[in-house]
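For reference, the structure discussed in these notes is given below.
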Amino acid sequence: MDGRIRFESRRQKSVFHNPLKGKALDTQELEIRLDPLTGAQSVFNPGLEDKVAAIFPPSDRALIDRLAALSEPMCFLCGDRWQQTTPTYAEDLLPGGRIQVGEAVLFPNLFPVARMHAVIRVGARHCVPLREFEPLRVLEALQAALAFTRQVARNVPGVEYFTVNANYLGPAGASFMHPHFQVTGGDLPFTWLQTLLEKSRRYREEHGSCYWLDLLADERDIGKRHAGECGPLSLVASYSPQGMNEVLGILGERHNFLELDDADLQGVADGLCRVLAGYDSLGFSTFNFSLYSGPLSQQDDSFRCFFRIVSRQNVHENYRADDYFMQKLLGCEVILTLPETLAATLREFR
Ligand SMILES: [Zn+2]
């Protein structure tokens with residue numbers, strides 16, 4: 001394979017007397033992978049492959065149902081309660097104060113962490129298993145996010161950097177159960193987006209081509225991490241994931257959110273739901289999602305719009321966090337399911 005992208009890895013051996021093997025000398029082989037753009041590491045120990053069920057115990061469906069039953073009667077997004085409970089934007093920014101598209105409703109976050117920070121209800125249903133996320137409900141939420149982005153771009157000078165994000169269920173950081181997205185817009189890109197933008201520009205300077213298009217071309221050629229197409233969106237399992245079961249959904253033709261049309265949003269909605277169905281089939285019930293845009297005021301040809309999605313720890317009592325020193329402080333993810341295996345699973349959901 002003679003692509004432009006370098007899929008680098010290092011092999012290391014770890015040797016010790018293993019009581020699980022009668023104290024015999026045990027040699028375990030590690031594969032350390034480097035992300036082709038950022039150099040971010042991940043490590044795979046084949047010995048952990050059959051330990052997924054122990055590290056990610058199955059979701060406690062009865063607990064989820066109990067939590068849903070407890071929270072639904074007071075959920076501020078259920079029914080039409082949002083009309084009384086959610087804040088509104090000023091008329092000159094957003095006429096009407098909120099954006100409604102089908103069952104999606106966009107309104108300001110009460111405690112923003114970005115200059116523009118909106119919350120979007122994704123569908124009217126309070127609790128949704130991952131396999132039951134509907135592309136139409138996700139599409140409506142994305143249409144609301146895009147309408148908001150356009151409105152801000154028209155009315156608030158200098159807000160350049162947008163993302164659309166999701167935390168689903170408590171172990172993924174959600175503070176309430178009802179499916180929701182969060183849109184952020186600011187003058188500065190968040191750290192990770194800034195890194196992606198800078199590294200993408202450097203790649204373009206060095207190679208004279210766009211990293212994201214090269215990545216798509218190479219991953220299509222290689223095939224084993226390519227997980228299918230959803231209209232204009234391509235799904236690829238990350239070579240060196242920075243979260244559990246990380247998948248990228250890349251819009252190869254789009255530099256920033258202002259260029260997105262309904263076919264792009266449909267592709268993102270279909271791609272997201274396809275990955276969620278795949279996660280569900282692997283026994284996962286929670287996720288984090290971010291959709292990134294290049295700066296709104298330029299066609300940054302080194303960058304393309306894409307999303308990253310990762311699964312998180314399952315819902316069960318006294319669950320163990322899945323981010324520990326490796327991820328939080330050393331910036332290295334531990335691979336339990338190889339990206340090549342994950343992609344093969346996702347391809348079944350075409
Ligand atoms: Zn609700």
Side-chain angles (χ1 to χ4, degrees), residues 58-89 94 96-114 116-148 163-184 265 268-277 279-280 283-291 307 309-317 319:
S59 286
D60 183 342
R61 199 63 235 175
L63 174 61
I64 295 176
D65 290 346
R66 206 159 65 238
L67 292 171
L70 278 174
S71 56
E72 189 165 355
M74 49 199 168
C75 174
F76 72 105
L77 290 181
C78 271
D80 57 6
R81 268 178 234 142
W82 58 268
Q83 293 181 1
Q84 303 303 322
T85 54
T86 61
T88 52
Y89 283 108
L94 195 64
R98 306 184 186 98
I99 295 171
Q100 256 188 284
V101 182
E103 293 183 11
V105 187
L106 178 147
F107 53 90
N109 191 317
L110 269 179
F111 304 102
V113 295
M116 307 306 302
H117 186 176
V119 177
I120 309 172
R121 178 173 89 156
V122 181
R125 200 173 153 198
H126 182 67
C127 181
V128 185
L130 296 195
R131 69 179 174 284
E132 293 177 26
F133 269 73
E134 293 176 60
L136 175 59
R137 302 282 91 91
V138 175
L139 174 66
E140 291 167 350
L142 293 170
Q143 286 170 329
L146 187 59
F148 178 68
T163 62
V164 179
N165 312 273
N167 307 319
Y168 190 57
L169 299 185
S175 55
F176 54 91
M177 182 172 263
H178 200 117
H180 59 288
F181 286 170
Q182 301 187 51
V183 189
T184 68
L265 299 183
V268 173
D270 289 343
L272 173 60
C273 291
R274 191 185 291 187
V275 174
L276 294 181
Y279 283 176
D280 192 291
F284 292 94
S285 58
T286 69
F287 69 94
N288 291 128
F289 164 87
S290 286
L291 174 65
F307 72 67
I309 181 167
V310 299
S311 62
R312 297 296 308 274
Q313 185 55 277
N314 287 322
V315 180
H316 53 97
E317 276 184 312
Y319 67 83

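Please read these numbers as outputs of a predicted model, since none were measured by experiment. Whatever order the structure lists ligands and atoms in, that order sets their numbers, starting from 1.
- The residue from Tyr168, Phe307, Tyr279 that alone fulfils the ring pair (Phe, Tyr, Trp, His ring centres under 6.0 Å) condition with Phe287 is Tyr168.
- Taking the six-membered ring where the residue is Trp, Phe181 and Phe289 present parallel rings, their angle staying beneath 30° rather than reaching 60°.
- One finds an angle of 100° at the Zn ion (ligand 1) between SG on Cys78 and ND1 on His126, to the nearest 10 degrees.
- Using cut-offs of 30° and 60° for the angle between ring planes, the His316 and Tyr319 rings count as perpendicular.
- Taking the Zn ion (ligand 1) as reference, the nearest N/O/S atom within His178 carries the name ND1.
- For a distance bound of 2.8 Å, the N, O or S atoms of Cys127 include none lying that close to the Zn ion (ligand 1).
- Ion pairing between a basic and an acidic side chain is recognised when a charged N comes within 4.0 Å of a carboxylate O; Glu134 and Arg125 show no such pairing.
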